[in-house]
Amino acid sequence: LNLYDPRTRLTIGPWDHGLYNNISPYAGRHRPRFDSDAESVRFFDRRLLDLPNGIDEEARVHYFTMGEERWKTADTWPPRGGEDQVLYLGPEHGLRRALPGEGVDVYPIDPAAGTGDHSRWVSLVNVEHEPIEYEDRAAADARLLVYDTPPLVADLEVTGHPRVVLYDAADAADAGVFVYLEDVAPDGRVEYVTEGMLRALHRKTTGAPYRSPVPYRSFTRADGSPLVPGEPAILEIALYPTSYQFKAGHAIRLAVAGADVDHFAPVEPSPTALRIHRGDPHPSRIVLPTMPRRSTP
């Protein structure tokens, strides 16, 4: 959205911080097959030395779709041509396209819930360059509040910035809320796709100083807004951008937590439970930026 200068380039690959590991669940443990140094040299040769090397004739955005295991190109990020698919939280821990009737799910917060030693946060400070392989999330999800779609009848590509909107009430003036987008395989294995989090105190959105597909917040004291205990508040949570193909027969899962003990300090005083309101008139939902199906070249 912010590639104002036609000379800018964006490359988004299936790697951890530093490009040490390919983190696609379909890749196995190995280094990314991408020469970032060579690409950087090409860019600077053109921009600093004015050497014609063909980079100006290439697409401005290159991104990799995990699951499909395929590089793609676009002129913008997120790519044009996508469509938001809205899935509503419903009864029996379901995600559905149709807005259900009113309901509430009470989640007693598990303060010991976390994302463990193999997470996006560990990859940011992986000084030993050890393999970062996201683990099966099934056991971790047993501590969380989860919502699943039925098994998909066709492959579905999610590319861009997913968003979660929760009508949430807590028994305290603040709460830390963590959400995870996951892929549930037919054999029950749960793959991590992406995540987002929000401290409820900072839920107020403000105008962004740049174009953004996700809500912008100042995080200033002046914009802080304590919860009224017991009353639902709207939490719009941006998930980190991704490009991922959910395969036919798999289910899409939204998992909700009130803690990540491995990486984040709890808010004080900590709430003991989250009450997720759903359905009409509190349409808690996840918004997935989906792309049309493409033919295989």
Side-chain angles (χ1 to χ4, degrees), residues 17 89 93 103-125 134-135 137 139-147 161-182 190 192-208 212 214-242 253-278 282-287:
H17 193 76
L89 280 60
H93 300 278
V104 178
D105 292 318
V106 179
Y107 168 61
I109 294 173
D110 186 340
T115 46
D117 294 332
H118 295 269
S119 69
R120 66 172 295 114
W121 309 110
V122 173
S123 75
L124 295 174
V125 290
Y134 295 129
E135 299 172 339
R137 291 273 301 166
D141 282 357
R143 296 175 174 269
L144 310 185
L145 176 64
V146 301
Y147 299 87
H161 301 249
R163 308 185 309 277
V164 171
V165 180
L166 296 179
Y167 288 77
D168 175 44
D171 54 358
D174 197 4
V177 181
F178 301 81
V179 292
Y180 305 93
L181 176 62
E182 299 170 337
V190 181
Y192 168 93
V193 178
T194 185
E195 67 187 275
M197 69 289 300
L198 178 65
R199 185 175 173 182
L201 178 71
H202 296 302
R203 66 188 181 277
K204 180 181 177 180
T205 60
T206 59
S212 174
V214 298
Y216 178 84
R217 296 176 170 90
S218 70
F219 296 102
T220 62
R221 188 181 300 274
D223 285 331
S225 182
L227 296 171
V228 177
E231 292 188 10
I234 302 176
L235 307 183
E236 187 172 2
I237 306 173
L239 279 65
Y240 292 102
T242 189
R253 171 172 290 180
L254 172 65
V256 181
D260 181 354
V261 68
D262 299 308
H263 302 103
F264 295 92
V267 300
E268 296 293 347
S270 297
T272 62
L274 302 177
R275 293 177 59 88
I276 306 298
H277 294 249
R278 49 178 172 74
H282 300 101
S284 292
R285 59 198 181 272
I286 182 169
V287 182

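Since the model is a prediction, treat every value here as computed from it, not as a measurement.
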Which of parallel (below 30°), tilted (30 to 60°) and perpendicular (above 60°) describes His93 and Tyr147? tilted
Quick check: does any side chain N or O of Asp174 sit under 3.5 Å from a backbone N or O of Leu201, one acting as donor and the other as acceptor? yes
Check whether any side-chain heavy atom of His118 lies under 4.5 Å from a side-chain heavy atom of Tyr192, and answer yes or no. no
Student check: side-chain heavy atoms of Val179 and Leu254 closer than 4.5 Å: yes
Shortest non-hydrogen contact from Ala172 toward Ser270: CB-C, 4.4 Å
Mind checking whether Phe178 and Phe264 have parallel, tilted or perpendicular rings, split at 30° and 60°? tilted
Hey, does Ile276 have a side-chain heavy atom less than 4.5 Å from the side chain of His282? no
Atom CG of Asp223: over 12 foreign heavy atoms under 6.0 Å: yes
Sequence neighbours excluded and cut-off under 3.5 Å, please list the side-chain donor-acceptor pairs for residues 109-116, or say none.
residue: Asp110; atom: OD1; partner: Ala112; partner atom: N; Å: 2.9
residue: Asp110; atom: OD1; partner: Arg143; partner atom: NH1; Å: 3.3
residue: Asp110; atom: OD2; partner: Arg143; partner atom: NH1; Å: 2.7
residue: Thr115; atom: OG1; partner: Asp260; partner atom: OD1; Å: 3.2
residue: Thr115; atom: OG1; partner: Asp260; partner atom: OD2; Å: 2.8
residue: Thr115; atom: OG1; partner: His263; partner atom: ND1; Å: 2.9

Donor-acceptor pair, distance only, cut-off 3.5 Å: does the side chain of Thr194 make one with the backbone of Tyr240? yes
Between Asp105 and Arg278, is there a salt bridge with N-O shorter than 4.0 Å? yes
For residues Pro226 and Arg203, report the shortest heavy-atom separation together with the two atoms involved. O-NH2, 3.5 Å
Can you check whether Glu236 reaches Arg217 side chain to side chain, under 4.5 Å on heavy atoms? yes
May I ask you to test the Arg137-Leu144 pair for a side-chain heavy-atom distance under 4.5 Å? yes
Check: Tyr134 and Arg120 side chains under 4.5 Å, non-hydrogen atoms: yes
Does Pro215 reach the side chain of Arg163, with side-chain heavy atoms less than 4.5 Å apart? yes
Shortest non-hydrogen contact from Ser218 to Thr206? N-OG1, 3.8 Å
Do Arg275 and Tyr167 come within less than 4.5 Å of each other through their side chains, counting heavy atoms only? no
Only one of Ile286, Leu274, Leu89, Ile234 passes side chain to side chain contact (heavy atoms under 4.5 Å, CB included) with Leu166; say which it is. Leu89
Report the distance from atom CE of Met197 to atom CG of Leu239, rounding to the nearest 0.5 Å. 8.5 Å
For Leu227 and Ala200, which heavy atoms make the closest approach, and how far apart are they? CD1-CB, 3.8 Å
